[in-house]
There are 2 protein chains.
Amino acid sequence: MRSPSGREIPDEIDPVLEELVRGIIGQVADKWTMLILEVLEEHGTLRFTQIGKLTGGISQKMLTQTLRQMERDGFVSRKVYPVIPPKVEYNLTELGRSLSAAFCAVWEWAAVHHADIDASRKAFEERNGKA
Amino acid sequence: MRSPSGREIPDEIDPVLEELVRGIIGQVADKWTMLILEVLEEHGTLRFTQIGKLTGGISQKMLTQTLRQMERDGFVSRKVYPVIPPKVEYNLTELGRSLSAAFCAVWEWAAVHHADIDASRKAFEERNGKA
DNA sequence: ATTTATACGCACCAAAAGGAGAGTGACTGT
DNA sequence: ACAGTCACTCTCCTTTTGGTGCGTATAAAT
């Protein structure tokens with residue numbers, strides 16, 4: 001399914017917006033982004049290491065990276081105190097809070113339906129051989 | 001905390017459930033999963049190659065892989081017609097549709113706020129050197 | 001004088017994701 | 001006879017992701 005010349009997909013909806021939105025979803029629907037969003041939503045203003053602890057299992061590298069992207073996208077604000085040792089506070093912007101609210105439905109869904117998923121997986125593995 | 005669907009989320013979250021839910025989110029918040037979910041929601045029953053075309057830019061490998069996982073998780077049903085050339089129909093299950101509905105808020109959010117993100121990025125890059 | 005604490009940046013490396021392309025099997029249209 | 005169709009699977013290869021550990025600045029605490 002290659003398309004060397006590019007355009008063969010019929011666009012029934014506005015393709016530009018569609019593409020834009022997809023791009024955003026692709027970046028935003030990231031594991032760490034969602035987790036950090038939730039942690040900040042729940043705890044309010046937090047410092048770097050606190051976020052790391054509350055998120056759980058994230059490396060410093062990923063924490064920095066994700067936080068930076070979120071700052072760039074305008075989901076979090078970053079306040080640096082010029083003290084030593086360094087102190088940086090993060091919290092959600094209005095935009096970040098609205099995104100968090102949008103994701104809320106997904107969290108809720110997962111909480112409600114995890115048992116269904118589990119059951120489905122078991123059934124699937126029983127139907128098909130499980131090597 | 002309120003969600004668009006109007007239900008409530010408990011203030012205190014059971015850590016075990018929390019862990020479970022995070023695992024699910026990690027797998028479900030996947031670019032291709034979300035995209036396929038959307039095309040199936042929008043078009044109803046579809047065949048393999050049709051999904052590929054409508055999704056756009058997905059390789060056969062990823063399409064197969066994602067579809068398999070979605071079937072395993074119980075989001076799509078897969079109906080094989082024993083004919084030649086092969087014919088396989090996919091469509092959303094009830095569970096899949098409910099997930100799609102949950103993601104709906106995120107899609108809408110992206111559609112509404114993509115301009116904000118764009119503006120934020122421009123501002124960010126202006127603030128921070130890119131000399 | 002040495003250690004501790006904080007919020008990173010950087011380099012290196014392993015693992016995973018994912019794309020490209022070829023192969024398959026049997027039937028159907030030319 | 002032979003190319004075309006569909007829904008894959010398999011192999012090879014590149015790109016991306018992400019973890020680990022080290023370095024840094026410097027004031028306060030030991």
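Each chain gets a letter, A, B and so on, in the order its sequence line appears, and its residues count up from 1. Everything numeric in this text was worked out from a predicted model, so none of it was measured.
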Just how far, in rounded Å, is P of C/dA17 from CG of B/Leu63? 17 Å
Give me, pair by pair, the N or O atoms of the protein and of nucleotides 13-21 of chain D that are less than 3.5 Å apart, along with how far apart they are.
unit_1: D/dG18; atom_1: N7; unit_2: A/Lys61; atom_2: NZ; d: 2.9
unit_1: D/dG19; atom_1: OP2; unit_2: A/Ser59; atom_2: OG; d: 2.5
unit_1: D/dG19; atom_1: N7; unit_2: A/Lys61; atom_2: NZ; d: 3.4
unit_1: D/dG19; atom_1: O6; unit_2: A/Lys61; atom_2: NZ; d: 2.4

Out of C/dA7, D/dA7, C/dC8, whichever nucleotide has its closest atom nearest the side chain of A/Arg68: C/dC8
Looking only at atom types and distance, does a side-chain atom of B/Ser120 sit under 3.5 Å from a main-chain N or O of B/Asp116, one as donor and one as acceptor? no
Mind calculating the distance between CD (A/Gln50) and P (C/dA5) to the nearest angstrom? 15 Å
Those residues at least two apart in sequence (or on a different chain) that pass ring-ring contact (aromatic ring centres under 6.0 Å, His included) with A/Phe75 are B/Trp109
Let me know the distance between CG of B/Leu67 and P of D/dT9, rounded to the nearest Å. 11 Å
Taken to the nearest whole Å, NZ/B/Lys31 to P/C/dA17 is 15 Å
For A/Thr33, the side-chain hydrogen bond (donor to acceptor under 3.5 Å, both in side chains) test, sequence neighbours excluded, returns A/Asp30
salt_bridge(B/Arg72, A/Glu125) N-O dist < 4.0 Å: yes
All salt bridge (charged side-chain N to carboxylate O under 4.0 Å, His left out) counterparts of B/Glu94, not counting sequence neighbours: B/Arg97
Is B/Thr49 near enough to D/dA7 that one of its side-chain N or O atoms lies under 4.0 angstrom from OP1 or OP2? yes
Closest contact, heavy atoms only, B/Val28 versus B/Met34: O-CG, 4.2 Å
What is the distance, to the nearest angstrom, from the CD atom on B/Gln69 to the C1' atom on C/dA17? 13 Å
Which residues in residues 78-91 of chain B have at least one heavy atom lying under 4.0 Å from any atom of DNA chain D? B/Arg78, B/Pro85, B/Pro86, B/Lys87, B/Val88, B/Tyr90
State whether B/Arg47 places a side-chain N or O below 4.0 Å from either non-bridging phosphate oxygen (OP1 or OP2) of D/dC6. no
Closest heavy-atom pair and its distance - A/Phe48, A/Leu67: CD1-CD2, 4.0 Å
Please step through side-chain contact (heavy atoms from CB on, under 4.5 Å) for the pair B/Asn91 and B/Leu46, ending with a clear verdict. CA-CA 6 Å; B/Asn91 60 63; B/Leu46 287 174; over 6 Å; no
Would one find more than 12 heavy atoms of other residues, nucleotides or ligands at under 6.0 Å from atom NZ of A/Lys79? no
Straight-line distance of A/Arg68 CZ to B/Asn128 CG, nearest 0.5 Å: 8.0 Å
When every non-hydrogen atom of B/Asp73 is compared with those of B/Leu95, the smallest separation belongs to O-CD2, 3.6 Å
Just report the end-to-end axis angle for the helix from C/dA1-D/dT30 to C/dT30-D/dA1, five pairs per end, to 10 degrees. 10°
